[in-house]
Amino acid sequence: MAWFRKEEPKPQPEPKKVRTEGLWIKCDSCRAIIWKKDLEANHLVCAKCGFHFKIDARSRLKLLFDDEQWEEFDAGLKSNDALRFVDQKPYRERLDKASASTGLKDAVISAAGKLGGHPTIICAMEYRFIGGSMGAVVGEMVTRAIERAIERKVPITIVSASGGARMMEGAVSLVQMAKISAALARLSDARLPYVSVLTDPTTGGVTASFAMLGDLNIGEPGALIGFAGPRVIEQTIRQKLPKGFQRSEFLLQHGMLDAVVPRPQMKDYLAHAYSFFRGPA
Ligand SMILES: [Zn+2]
């Protein structure tokens, strides 16, 4: 009869000591404790379970460009807060704070360099900058990047990581969807390839415009990709959503993505795709 026997409490893991803080990271998926250096060496992918941690825009470019070299464009563009928007705090304050913590003026880096020997343009979105949201600056930078690709007759890759359009810019953020899509149509007319890489998370107006318009749409494993979030959908249709709904693998199965490619293989995959579209470098 076990019910009256008091079970020994399971030993609890000791709280993190200050000394080791920042050196170790717990995997969000398998709970393994990973040495931060090992994790960084593996491009922020858990070696045990393959979980992909979020990666900042600059590390993304380092991962993709040959010799970690690139030229940046439009880094000085800054939102002018046309609506003088205030929610819990002024939008202007949010911008300054995001700018101070990321070293960027807005949520994307636009760059040119070589990938696997192919000259190319790459835009990498920065999720830490107000959730990678797309306002006038992101829209303008991405549009210019596409136009630059047309001018230089090179392919373009856009790596998305975004909660969608930036609500603090209202309709101004929404028109970016059309503006970028129109630029991509011109890129297509110029018969130049566009590869869209969707990372965790890619949602809202970014999914609804350029992230899904690639000649190839490639997801990172486990990335949340969708328009409205799963909670909103569940509440609207009043049904339980299937397991893995809106994750890359699910979207691949349902024909919304062309491939799911782990981060360490992403560069080779893109180089291969460029060679396929353009011939060897
Ligand atoms: Zn893990």
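Note that the structure is predicted; figures quoted are calculated from it, not measured. Counting convention: from 1, in listed order, for ligands and their atoms alike.
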side-chain contact (heavy atoms from CB on, under 4.5 Å) with S160: which of T203, V206, N217? V206

Start with the C-alpha gap between V138 and M125, add the side-chain angles, then the distance that decides, and say whether side-chain contact (heavy atoms from CB on, under 4.5 Å) holds. CA-CA 9 Å; V138 169; M125 297 190 77; 4.0 Å; yes

Evaluate the ring planes of W24 and W35, with Trp represented by its six-membered ring, and classify them as parallel (under 30°), tilted (30 to 60°) or perpendicular (over 60°). tilted

Within less than 2.8 Å, report the number of protein N/O/S atoms around the Zn ion (ligand 1). 4

Is the shortest side-chain N to carboxylate O distance from R60 to E220 below 4.0 Å? yes

Determine whether the side chains of E169 and S79 contain a donor N or O and an acceptor N or O closer than 3.5 Å. yes

Only pairs at least two apart or in different chains count here, so list each ring-ring contact (aromatic ring centres under 6.0 Å, His included) that has a residue in residues 245-273. F245-F250, F250-H254

